[in-house]
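Shown next, in structure tokens, is the structure this report addresses.
Below, all heavy atoms of this structure are taken into account, side chains as well, without hydrogens, waters or symmetry copies. In what follows, every chain begins at residue 1, and chains take the letters A, B, ... in the order their sequences are listed.
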Protein chains: 2
Amino acid sequence: MTITQLQYVLAVAEHKNFTLAAEKSFVTQPTLSMQVQKLEDELDVLIFDRSKKPITITEVGKKIVDQAKNIVAEAERIKDIVDQDKGYIGGDYTLGIIPTVMPTLLPMFLNAFIKKYPKVNLIIKEQSTKTMIKNVMDGHLDAGIAATPLEIEFIKERPLYYEPFVGYVPKNHRLASEELLSTDHLDVSDILLLQDGHCFREGVINLCKASQNLRGEHFKIESGSFETLVSLADEGMGMTLLPYLNTLHLEENKKINLKSFQKPTPAREISLIYHKSELKIQITDALREVISSIVRGAIAFQDVKIISPLGKN
Amino acid sequence: MTITQLQYVLAVAEHKNFTLAAEKSFVTQPTLSMQVQKLEDELDVLIFDRSKKPITITEVGKKIVDQAKNIVAEAERIKDIVDQDKGYIGGDYTLGIIPTVMPTLLPMFLNAFIKKYPKVNLIIKEQSTKTMIKNVMDGHLDAGIAATPLEIEFIKERPLYYEPFVGYVPKNHRLASEELLSTDHLDVSDILLLQDGHCFREGVINLCKASQNLRGEHFKIESGSFETLVSLADEGMGMTLLPYLNTLHLEENKKINLKSFQKPTPAREISLIYHKSELKIQITDALREVISSIVRGAIAFQDVKIISPLGKN
DNA sequence: TTGTAGCTGGGTAATAGTCATTCAAGTATA
DNA sequence: TATACTTGAATGACTATTACCCAGCTACAA
């Protein structure tokens, strides 16, 4: 049994296809086939059922694949140990970011990070919290930036910052005269929401639920960008809520429509999430340090109340 | 990096000697040297400092060795998974037993076990609890039978049976007239003890301590076997304590000197101990099942009070 | 000096890899 | 229903690599 064989097995398990798995492993299909077979011979079990299409994994196979994941991850860790010892921070690092954070946060820290750690090859992927969790679990992402708390087994959360919710209330709205917003004012049927799948949407809904103002779910209009929501609000379609960082880039004539909440300000917790096994932890720590230090300047810490990003499902 | 290379590194780390490590790994010394070097080259660190004699492990080396142990153990587990799936119970299994249990317990279960699981190659080693713990930790023993509770991190304890202490009180002893012994009667200066290193000795001392009858530590005579202790007692050198199973094989004319304790009977807990990683767990479970079922017939469960086997150190 | 212990060099056998081909199963076409 | 067509894994022949052995060298301590 070799680590290579285990890696091949993992590739096949992932892609359910020998040819594709071979490509991803940068070898030819016969090579990969042979090695998988050799492992199966050595253990004297069938890991894959090749008679079905697409191929399936046998019962033992599943256990073996799980264990193989362990072993391969632990083996990778050795390189980590050496890197850490040398104080070397470099190599590929894949980071997921949720859509509502991406456009505001990324420009803030990206430059500083690649300047400070030029040997790290950052690969950034925008994706939903759900996909991100899956990818962190199976190692396709080294870390992710998402709204927390998620409290998922095998995943660690390290808060980066707390981002207050800010109301965007156009002139003619019933709340336009209020000085500060209160969650009691909110009515979910009146708030323009992001599309399904965005966790900020869930956050807003949870916020409204908290004040029991949920009057049936006849949300009228939904969009994928805050820009659209603001425009719709200006058109008199209702109010909307924005994460604080998204309010910084608004045009001056729109900023006057912004309203803060009374304290404790409802806020979302944005965290770096990564697998408990702490692979590439030195890069993760470096990243956390850079982001925290930068955001510290942008958001004054105050009396906040964290709103959960989780939906009913 | 291959699993073989890691195994070689572990062998060198253990024996602090390339030649010996090579022998134990069933390869020649140059072969092993080369593979270790290759790994060092790949990781670009020195794992061993060959300039010192005996060779030492570098700082990074220690971390690498620890991680290598993980990886190799996890890799072995794969075979375990397969065996478990097939319901196959076989292969080498190394078991440690403490000296005071060995001669009585081993003959009771050995035959039954090898008959029931003929494919398991049992390798039994008599050793002190201290050595046993070390060996279970580093994988040289698959399990051990010892007096518990030990409560050691990374080691699991599964009790097999509770073995009462029985007094051996010769005719002219001050306690000879008592019907049942009480811990209050005991005086450690009057009790013949096993040599240092036996955990049963510690158990007896703890038992006496419990009744605060420790009048200074002027133990006169110490021996390595219960047989000697009994003979010495017959010679009027004092009384002694035996584990229940050791009383079964006494000659009839000596059995009349045996005295039980009042309930709750002081007893030692004998457990199967093994590493938390649960390697070869199916064999361990099989062993536990066989021993428990056999001992159940020999020792009637009663109202017992467990005496700790641990000394001051 | 001798013994101990690791490294080096040359040769061999095992094996991980390649390419080209074959085989099996499903799918479309006549 | 038979026929070709496509997809995806297995097989065979060959090559490159490498893990291994043996013999000998070197460094060092007793």
Euclidean distance, atom [atom1] of residue [X] to atom [atom2] of [N] [Å, nearest integer]:
X	N	atom1	atom2	value
A:R50	C:dC23	CZ	C1'	15 Å
A:D49	D:dA10	CG	C1'	15 Å
A:M1	C:dA16	CE	P	14 Å
A:I55	C:dA24	CD1	C1'	15 Å

Give a yes or no answer on whether the side chain of [X] reaches the backbone of [Y] with a donor-acceptor pair at less than 3.5 Å.
X	Y	answer
B:E157	B:P149	no
A:E40	A:F48	yes
B:D142	B:T94	yes

Non-hydrogen atoms of B:V82 and A:L43 that approach each other most closely: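 That closest heavy-atom pairing would be CG1-O, 3.4 Å.
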Heavy atom of residues 12-21 of chain B under 4.0 Å from DNA chain C: which residues?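 Close to the strand are B:N17, B:F18, B:T19.
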Are A:D285 and A:R288 within salt-bridge range, i.e. N to O under 4.0 Å? yes
For B:F200, the option from B:T129, B:L194, B:I98, B:L193 that meets side-chain contact (heavy atoms from CB on, under 4.5 Å): B:L194
Quick one, give me the B/S/- string for nucleotides 16-30 of chain D, reading 5' to 3', where B means a protein heavy atom under 4.0 Å from the base and S means that only happens at the primed atoms, P, OP1 or OP2. --SSSBBB-------
What pairs meet the salt bridge (Lys or Arg N to Asp or Glu O under 4.0 Å) rule with one or both residues in residues 11-33 of chain A, with sequence neighbours excluded?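 Qualifying pairs, neighbours excluded: none.
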Counting only heavy atoms not in B:M34 (residues, nucleotides, ligands), do more than 12 fall under 6.0 Å from its CE? no
